[in-house]
Amino acid sequence: MKNLAPAISPPRGIGDAKPANEAVLDWVQEIATLTQPENIFWCDGSERESEFLIAESLKQNVLIELNQKKVPHSYLHRSNPTDVARVEQFTFVCTPTKQEAGPTNNWSDPTETYAKLRGLLAGAMRGRTMFVIPYMMGPADSPLAKIGFEITDSKYVVLSLRIMTRMGEIALKRLGNDPSAEWNRGLHSLLDVNPERRFICHFPQDNTIISVGSGYGGNVLLSKKCLALRIGSYLARKQNWMAEHMLILGVESPEGRKHYVAAAFPSACGKTNFAMLIPPAHFKGWKVTTVGDDIAWMQIRNGGLYAVNPENGYFGVVPGTSYKSNSNAMRSIAHDTIYTNVALTDDSDVWWEGKDGEPPAHLIDWRGNDWTPQSQEKAAHPNSRFTTPMRNNPALDPDVEKGEGVPISAIIFGGRRSDTVPLVYQAFDWSHGVYLGATMASETTAAATGAVGRVRRDPMAMLPFCGYNIGDYFQHWLDIGKQLTNPPLIFNVNWFRKSADGKFLWPGFGENIRVLKWIIDRCEGTGGALKSPIGWLPSPHDLDLAELDIDHNAVDELLCLDHEEWQKEIAAHKEFFDSLGGVVPQELQKQREQLAAGFEL
Ligand code: OXD
Ligand code: MN
């Protein structure tokens, strides 16, 4: 086997931040006995440690140095070409019974899975360094904050997790010495990065994650999809809170009225762009601030929902990012960023499809091959990524560290739909809103391996991330609603509707604030709307479209309901619910019947 992660020898004072908690020490010892590493490196997340690991990564070609004048403190990582996205087909929820994992998850028996993984991990870290990373998800003083430890043999993981989480001392302090305290056990090994030995396994009852055979962020930064969403959603149901695949943004009017909204879109549908939205000139004085770009943990407070972003950084899709589309994102990734699978210019700068300016005459593509504008292949992988600290974001919300979270006025669901679904509409009430989330669908993207552009149902954008039975998850949403005296309003948006000739009808990006404004107007009770069978729809004059270069016909098309398309859509909802095999709560079945009745009139 090619040695993918040779051991490193740290100088004194680096790699020895051993925690005091006995339970952690016992677990690390057990894993070291199994995996047989050359040495154990106890991470503290310090600047000095990071500098040392970067230097070692450069020596071992795990990272490539970028032009430090153009992108200071930033590096390029190239993954194995067979390892560029999440692998849903190799992702498992290992609950005692299949029924607990439910119809949307791959299930495997926990005892058998532990045995199989132990077999794969036996001796897997021989000749490698085993890193132990303590980290915390959520602001330090949040009641929702969670502690995790990730063991890994990948330096890329250590350096990325340092950006994506609150790492080191802060986590150890919060954990304390109580051996019975709640914390997540995360074990990752690259093995030989072979797709045939690639498994991402979750054991919710044990608060444990084991990921082998991959180096791709979504599979190996165990804090993110694995803990904050899959294990997180399981814990959230047990502990009466919510773990959701949602961005959180603040929007402030020129008069100083501020609202927060949370929005669930499937992977690679523009959550990061929406969370960093830059209002167009007509919206001078409006301010959008980012609390989070991917995950929201929400709890009930004062009869409403309050959200925190459990993460500390952004792991975003690079292609399409430009100063023109999102200057906040560009400024965020201009320094202190790890790029994965983008192209390299002749002067060691980064490049990707959709970046400002003309493509350079020559590049090294994401696989390390020569590239010219005549090449057939893309220079950057469509799922190439940046990993960047949230503090780089010029639009970071001032309350991002507030432990109690920010009060959510509206929840937005949305997907990538070329037809059927209007630009925006509002649910009649919470339970109808849950139905909108439960029947959400989107055209698939490069964020996961598999066909791109196929419409699939992706309830609440959680299809790949709900760590338990989806029927119980729907019920949990309904149950939370019953406890809210001041629930957020629920909306559905679709930035991606196309005309008959295949062109996007809506400009998207910064112009989405026009939709956001209507949503806020509705929350404040001032926005107009028409009652339709699918919910409250704005008429064109309810939206502020001033100074927008858009055809009246396009606006009509964006807001219209085509009865034939909706008949098909409702049939698809039924087919989806039926495919779940009887787990869908009656309350949602009733919602579907009411919706269908609305189109029979
Ligand atoms: C992500 C994803 O990386 O959803 O956020 O795939
Ligand atoms: Mn995501």
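Because the structure is a prediction, the values reported are computed rather than measured. Both counts, for ligands and for their atoms, begin at 1 and track the order of listing.
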Task: Side chain, backbone, both or neither: Tyr314 near ligand 1, heavy atoms under 4.0 Å - done: neither

Open item on the list: Can you tell me if, anywhere in Gly218, an N/O/S atom lies at a distance from the Mn ion (ligand 2) that is smaller than 2.8 Å?
Closed with: no

I need the nearest protein heavy-atom contact for [atom]: residue, atom name and distance, please.
| atom | value |
| --- | --- |
| atom 6 (O) of ligand 1 | Arg86 NE, 2.9 Å |
| atom 5 (O) of ligand 1 | Lys225 NZ, 3.0 Å |
| atom 4 (O) of ligand 1 | Ser267 OG, 2.4 Å |

Ligand 1 atoms in contact with [X] (distance to a heavy atom under 4.0 Å):
| X | value |
| --- | --- |
| Asp294 | 5 (O) |
| His245 | 4 (O) |
| Phe465 | 4 (O) |
| Arg385 | 1 (C), 3 (O), 6 (O) |

Establish, yes or no, whether the cationic atom of [X] lies under 6.0 Å from the six-membered ring centre of [Y] and within 45° of the ring axis.
| X | Y | value |
| --- | --- | --- |
| Lys116 | Phe199 | yes |
| Lys271 | Phe265 | no |
| Lys225 | Tyr216 | no |
| Arg497 | Trp495 | no |

- [ ] State, yes or no, whether a side-chain contact exists between Asn383 and Arg385 at a heavy-atom distance under 4.5 Å.
- [x] yes

TODO: Give me the ring orientation class for His77 and Tyr156: parallel if the planes are under 30° apart, tilted from 30 to 60°, perpendicular past 60°.
DONE: parallel

Open item on the list: Please verify the inter-ring angle class for Tyr468 with Tyr234; under 30° counts as parallel, over 60° as perpendicular, anything in between as tilted.
Closed with: perpendicular

Task: Atom name of the N, O or S atom in Asp294 that lies nearest to the Mn ion (ligand 2) - done: OD1

Task: Geometry at the Mn ion (ligand 2) - His245 NE2 versus Lys225 NZ angle, rounded to 10 degrees - done: 90°

Task: Test of ring centre spacing under 6.0 Å for Trp107 and Phe92 - done: no

